[in-house]
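Contents: one structure, followed by commentary.
Residue numbers run from 1 in the order of the sequence given.
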Amino acid sequence: MGPAPNRRRQGSKTVKTRKTTEKKQSRKGKSTSSEGARNSRKVAKKTAIPTASPAATSAGGLPLEGCEGFEEFRDIVRQPVLQGLWPGETALVFVDGRLRLIDEAGYADVEKKIPMASSSLVRLYSMTKCVVAAAVLQLVDDGLLCLDDELADYLPCFQAPKVLIEKKDGWPEEGRTEPARREITLRHLLTHTSGISGGAAPGIDAIRRWNRRERAWIDVYKPLVKEVDAGQHTLKTFVEELALLPLWNHPGEHYSYGYSYDVLGYIIESKTGKDLATYLKEHIFEPLDMTSTGFDLTSMAASNPSLREEKKSSASRGGASQFRRLSVLYRRTKSSRYGADGKTSKLARIDPVGIGDESKWTKVGIPSAGGCVSSFAGGLLSTADDYAKFLLAVVSGGAHPSSGKRILSEEMAAEMLADQTAKLGSQVATACPYGDRALGLSCLGEVQRAGAPSTGGWFDGVQGVRLWGGAANTAFKFDRNNGKPILILIMSQVVPQDSGTTATALLRAVRAATQSVGAEQS
């Protein structure tokens with residue numbers, strides 16, 4: 001998911017979206033970067049915060065080159081940790097292709113007191129999509145795909161799709177469908193306008209907040225999710241079963257978040273003859289030296305000596321396979337189900353649940369290209385260090401700025417950043433993320449257009465910013481910043497995903513600092 005978009009229906013009967021939530025939060029008091037920094041400094045005087053030792057001196061394949069004034073930005077990203085909202089965090093700041101800040105604070109494992117670091121493994125969930133989009137554009141470069149081709153040209157099982165009829169009261173009319181007005185294209189999949197949505201993932205979704213009508217739509221996919229949980233599917237059979245289900249909307253007309261990228265993942269498999277994990281490893285991870293990225297710990301350990309040693313070490317002790325570098329995933333909750341008192345939030349372990357337990361990511365059945373097709377586990381594991389290598393390559397014209405290793409042509413790197421929603425040909429607002437004409441979608445996340453919302457949450461109103469995130473509080477933002485591009489990356493491991501105020505405050509602070517330096521030099 002992009003920064004916390006829901007998977008619920010987005011159309012004439014639109015349910016509450018993230019933007020609505022942001023407006024409520026902004027009324028409680030908008031947080032600027034300076035305010036956030038001041039508040040966190042007040043907390044910092046009272047509370048010590050653990051940091052990684054030794055501190056990292058490089059990340060994303062680049063050496064750290066400190067910049068005057070950037071040290072104070074640590075206060076911004078540490079604030080959620082100091083407040084007990086996040087267990088720990090790693091933040092990277094790149095300006096004009098140079099690494100200006102690494103911050104590693106709090107814990108990857110609170111109970112074991114393992115510090116969070118740029119080498120800590122995190123669950124990317126929907127940030128997997130950006131990597132898969134890059135793989136799709138590689139195949140466009142190779143002449144194997146065209147983004148405006150019909151999906152059925154590659155997967156005949158999607159020929160002549162049907163759309164579930166929506167009743168006047170907004171409920172789905174079970175069992176009644178109508179022919180789709182047009183075929184699904186690959187660009188529809190890239191922009192979440194294919195009409196394919198997604199099922200609930202109770203492990204990460206706040207299902208109790210959904211009303212009965214929302215659940216009725218989600219339940220279209222409930223049997224399929226149960227089959228995935230039971231280990232009954234490969235990516236191929238999952239997509240084939242998905243093709244048998246009705247669409248939520250007519251292709252190209254509504255933004256509806258869900259399994260579209262999983263369909264793209266299977267297209268990659270069918271066109272290359274390789275499973276998705278192998279293709280991504282050979283064509284993206286290995287060229288960029290992303291040695292700590294993969295769909296599960298078992299497959300990653302096969303080619304990563306340090307992870308292989310961790311697995312051997314835990315096996316020699318006769319316990320479950322455990323990996324010290326894997327961050328624990330926490331749930332921020334007030335529920336007594338997790339040992340809270342119903343009033344005060346606590347961080348409860350949800351993967352691995354117990355200190356000696358095995359993670360759900362030890363071996364994952366389906367390599368979810370979209371982030372999650374089960375009720376909990378899915379998507380890529382990676383590190384801040386690794387994922388930054390990928391982002392830097394994309395925003396640097398397709399090649400890593402230091403190693404020179406190329407994963408995309410300059411043309412396809414530009415396509416990664418292009419507003420794909422604008423290329424649909426449809427000008428209806430409902431095809432835009434959250435029904436907002438001031439937002440588009442690129443292969444590197446949401447695009448803030450002119451007039452974009454500025455709520456103090458995910459969106460800061462600055463035209464041209466690209467941003468995306470994952471369900472477990474991982475996020476990045478990219479701002480071309482008038483020729484001095486800024487890339488920020490923040491990794492934590494807690495659900496539910498927050499409102500985005502920390503990422504926005506960090507970007508605003510860095511932007512202000514670069515503009516101040518520019519003004520002094522002129």
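Every residue two or more places apart in sequence or in another chain that forms a side-chain contact (heavy atoms from CB on, under 4.5 Å) with Thr185 is listed here: Arg187, His188. With sequence neighbours excluded, no residue forms a ring pair (Phe, Tyr, Trp, His ring centres under 6.0 Å) with Phe295. Here Gln493 pairs with Arg123 under the side-chain hydrogen bond (donor to acceptor under 3.5 Å, both in side chains) rule; sequence neighbours left out. Here Phe73 pairs with Phe70 under the ring pair (Phe, Tyr, Trp, His ring centres under 6.0 Å) rule; sequence neighbours left out. Applying the ring pair (Phe, Tyr, Trp, His ring centres under 6.0 Å) test to Tyr266 and every residue at least two apart in sequence or in another chain returns nothing. Every residue was checked against the ring pair (Phe, Tyr, Trp, His ring centres under 6.0 Å) condition with Phe478, not counting sequence neighbours, and none meets it.
A donor-acceptor pair shorter than 3.5 Å can be found between the side chains of Lys477 and Thr504. Side-chain contact check for Tyr279 and Gln138: at least one donor-acceptor pair (N or O, by modelled atom type) lies under 3.5 Å. Side-chain contact check for Ser260 and Ser194: at least one donor-acceptor pair (N or O, by modelled atom type) lies under 3.5 Å. At a cut-off of 3.5 Å, with distance as the only test, a side-chain donor of Ser118 or Glu104 sits close to an acceptor on the other residue.
A salt bridge links Arg511 to Asp460: at least one charged side-chain nitrogen sits closer than 4.0 Å to a carboxylate oxygen.
Between Leu245 and Tyr259 the shortest side-chain heavy-atom distance does not fall below 4.5 Å.
No donor-acceptor distance shorter than 3.5 angstrom exists from the side chain of Ser492 to the backbone of Val494, with no hydrogens or angles considered.
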